[in-house]
Novice: 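Here's a structure for you.
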Amino acid sequence: MALRLWASSAANALKISCSGASRAAPAYSISRYFSTVLDGLKYSSSHEWVKHDGSVATIGITDHAQGHLGEVVFVELPEGGAKVSQGGAFGNVESVKATSDVNSPISGEVVEVNGKLSETPGLINSSPYDDGWMIKVKPSSPAELDALMDAAKYTKHCEEEDAH
């Protein structure tokens, strides 16, 4: 906790900010809580991210979510071929603090599951956007992606949520 307070004070002193429409957006944004938010991904209000690449969308939980969960110790994911619905739970994440459902930001069919997470669930903590991805989905309604937040909107969402 002391480290977070120090880091927050340091960021304020250095005037690190991700606001300001007059400059080009960075490859990632850092909120005042130091959660990484990557540009080029879409985000749900329940803290899942989506990377749409061709006919497949990769889904995982955000750095913000894993930070609030703490150390992830168990992950339950669906089998390949399962159907997921936008806003519906497709699995859960158990941490030292809590067990949380993971909701799908889009509808579709699961085409791949990250098998590494069954043996190394901590990949969600150490690499939420890379090695810690959860499922890959063939979207049934790609237009659902348009309703999700971009990096700037998601960063603002997290800051507002954490302020309450």
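Every heavy atom of this structure was used, including side-chain atoms; hydrogens, water molecules and symmetry mates were not. We number each residue from 1, following the sequence as shown. None of these values were measured; they are calculated from a predicted model.
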Novice: From the options Leu117, Leu123, Asn114, Ile59, select the one residue that forms a side-chain contact (heavy atoms from CB on, under 4.5 Å) with Met134.
Specialist: Leu117
Novice: What residues form a salt bridge (Lys or Arg N to Asp or Glu O under 4.0 Å) with Lys156, not counting sequence neighbours?
Specialist: Glu160
Novice: Test ring pair (Phe, Tyr, Trp, His ring centres under 6.0 Å) on His64 and His157 and set out the steps.
Specialist: CA-CA 11 Å; His64 183 83; His157 170 76; 8.0 Å; no
Novice: If a pair satisfies ring pair (Phe, Tyr, Trp, His ring centres under 6.0 Å) and one of its residues is in residues 85-126, list it, with sequence neighbours excluded.
Specialist: none
Novice: Do you know which two heavy atoms are closest between Val93 and Leu69, and how far apart they sit?
Specialist: CG1-CD1, 3.9 Å
Novice: Could you list all the side chain to side chain donor-acceptor pair (under 3.5 Å) pairs where at least one residue sits in residues 120-148, not counting sequence neighbours?
Specialist: Gln66-Asn125, Ser107-Glu144
Novice: Can you list every side chain to side chain donor-acceptor pair (under 3.5 Å) pair that touches residues 93-104, not counting sequence neighbours?
Specialist: none
Novice: Return all side-chain donor-acceptor pairs below 3.5 angstrom for residues 77-89, not counting sequence neighbours, or 'none' if the list is empty.
Specialist:
{"residue": "Lys83", "atom": "NZ", "partner": "Glu109", "partner atom": "OE1", "Å": "3.4"}
{"residue": "Gln86", "atom": "NE2", "partner": "Pro105", "partner atom": "O", "Å": "3.1"}

Novice: For Asp39 and Ala151, work out which heavy atoms get closest and say how close.
Specialist: OD1-CB, 3.0 Å
Novice: Could you note down all residue pairs passing salt bridge (charged side-chain N to carboxylate O under 4.0 Å, His left out) where residues 41-61 supplies at least one of them, sequence neighbours left out?
Specialist: none
Novice: Work out which heavy atom in His47 is nearest to a heavy atom in Cys158; give both atom names and the distance.
Specialist: CE1-SG, 3.9 Å
Novice: Is there a donor-acceptor contact under 3.5 Å linking the side chains of Tyr154 and Thr62?
Specialist: yes
Novice: Holding to side-chain contact (heavy atoms from CB on, under 4.5 Å), I want the full list of residues that pass it with Pro139, two or more places apart in sequence or in another chain.
Specialist: His52, Ala57, Ile106, Pro142
Novice: Are Ile61 and Val110 linked, directly or through intermediate hydrophobic residues, by side-chain heavy-atom contacts shorter than 4.5 Å (ILVMFWY only)?
Specialist: yes
Novice: If you link ILVMFWY side chains whenever their heavy atoms are less than 4.5 Å apart, which other residues fall into the same cluster as Val56? By chain and number, please.
Specialist: Val111
Novice: Do you reckon Leu148 sits in the same ILVMFWY cluster as Val137, going by side-chain contacts under 4.5 Å, direct or chained?
Specialist: yes
Novice: With clusters defined by side-chain heavy atoms of hydrophobic residues (ILVMFWY) lying less than 4.5 Å apart, directly or transitively, does Val50 cluster with Ile124?
Specialist: yes
Novice: Could you pull out all residues at least two apart from Asp150 that satisfy side-chain contact (heavy atoms from CB on, under 4.5 Å)?
Specialist: Ala152, Lys153
Novice: Could you work out, with side-chain hydrogen bond (donor to acceptor under 3.5 Å, both in side chains) as the rule, every residue matching Tyr43, not counting sequence neighbours?
Specialist: none
Novice: Please identify each residue that fulfils side-chain hydrogen bond (donor to acceptor under 3.5 Å, both in side chains) with Glu76, with sequence neighbours left out.
Specialist: Asn92
Novice: In sequence, state the C-alpha distance, the side-chain angles, and the governing distance for Met149 and Ser44, and then conclude on side-chain contact (heavy atoms from CB on, under 4.5 Å).
Specialist: CA-CA 6 Å; Met149 293 177 270; Ser44 71; 5.7 Å; no
Novice: Can you sort out the partners of Lys116 under salt bridge (Lys or Arg N to Asp or Glu O under 4.0 Å), two or more places apart, ordered by chain and number?
Specialist: none
Novice: Kindly say whether Thr58 contributes a backbone atom to a donor-acceptor pair with the side chain of Trp49 at under 3.5 angstrom?
Specialist: no
